[in-house]
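To find a chain, count down the sequence lines: A is the first, B the second, and so on, and within it residues start at 1.
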Amino acid sequence: ETGVTQSPTHLIKTRGQQVTLRCSSQSGHNTVSWYQQALGQGPQFIFQYYREEENGRGNFPPRFSGLQFPNYSSELNVNALELDDSALYLCASSLGGDVANQPQHFGDGTRLSIL
Amino acid sequence: DAKTTQPTSMDCAEGRAANLPCNHSTISGNEYVYWYRQIHSQGPQYIIHGLKNNETNEMASLIITEDRKSSTLILPHATLRDTAVYYCIVRMNYGGSQGNLIFGKGTKLSVKP
């Protein structure tokens, strides 16, 4: 079974630019969650998508947005990049819906650096 | 904020059992205890989870106290590759949607030869 894959692995952008990060969920999973992990901190929840709809959001501004596609892959878009957006961005997939209590499985993340 | 308390760091000798404690005194009846670990430069790896019974899988054992206010993750024979940050997380069991994970700072486990 294929695990969660994220692309690109590393990315460098400048302030004010926009970025799109991509995630392919694990086979059979229909729910994708995105997390931001600053250096030395635990991951922080950004938002979750279930069956192509946003299904919960953490304390992040609207310039963080996302999409989920019919094949359950997902994108995280960040507009107007700020220096504090430099972080590891993690995607996790799980089986949601009526199948309760399923663990989330993470990819290895995209390291985003803002200059 | 994270609903768990863990020691900042722990050491363990290679080949010995590693016992990682976690306090979750405000846990509610429908919340599970989850454990993840994160090896440097990788994403968090799911280890195990439980509600009130002790659980065991190929990676570890999870011991939850009867009052559910604390738990211990046990790695029976620690190896150098078990060096990582270990996160204890309390998570709501959602039926129609999946609750997000609230990470604290975790315990940095160092396995030494």
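- Residue A:Leu90 comes nearest to B:Gly43 through the heavy atom pair CD2-CA, 3.8 Å, listed as atom of the first residue, atom of the second, then distance.
- Residue-environment remark: CG (A:Leu39) stays at or below the threshold of 12 foreign heavy atoms within 6.0 Å.
- Among the candidates A:Arg111, A:Gln44, A:Gln41, the residue making the largest number of heavy-atom pairs closer than 4.5 Å to chain B is A:Gln41.
- When hydrophobic clusters are built by joining Ile, Leu, Val, Met, Phe, Trp and Tyr residues whose side-chain heavy atoms come closer than 4.5 Å, directly or via intermediates, B:Ile89 is not grouped with B:Ile27.
- Around atom CZ of A:Arg15, no more than 12 heavy atoms belonging to other residues, nucleotides or ligands sit under 6.0 Å away.
- A:Phe45 and B:Leu101 make their closest contact through CB-O, 4.4 Å (heavy atoms, listed as atom of the first residue, atom of the second, distance).
- Hydrophobic clustering (side-chain heavy atoms under 4.5 Å, transitive across Ile, Leu, Val, Met, Phe, Trp, Tyr) groups B:Leu109 together with B:Val33.
- Under the 4.5 Å side-chain contact rule for hydrophobic residues, B:Phe103 and B:Val90 do not share a cluster.
- No donor-acceptor distance shorter than 3.5 angstrom exists from the side chain of B:Tyr34 to the backbone of A:Gln104, with no hydrogens or angles considered.
- No continuous path of hydrophobic side-chain contacts links B:Leu51 to B:Ile48 [ILVMFWY only; heavy atoms under 4.5 Å].
- We find the OH-CD1 distance between A:Tyr35 and B:Ile102 to be 9.0 Å, quoted to the nearest 0.5 Å.
- Counting only distance, with no hydrogens or angles, the side chain of B:Tyr87 and the backbone of A:Pro43 share no donor-acceptor pair below 3.5 Å.
- Going from atom CD of B:Gln38 over to atom CG of A:Asp108 covers 9.0 Å, rounded to the nearest 0.5 Å.
- Taking each heavy atom of A:Pro103 and B:His49 in turn, the nearest pair found is CD-CE1, 4.3 Å.
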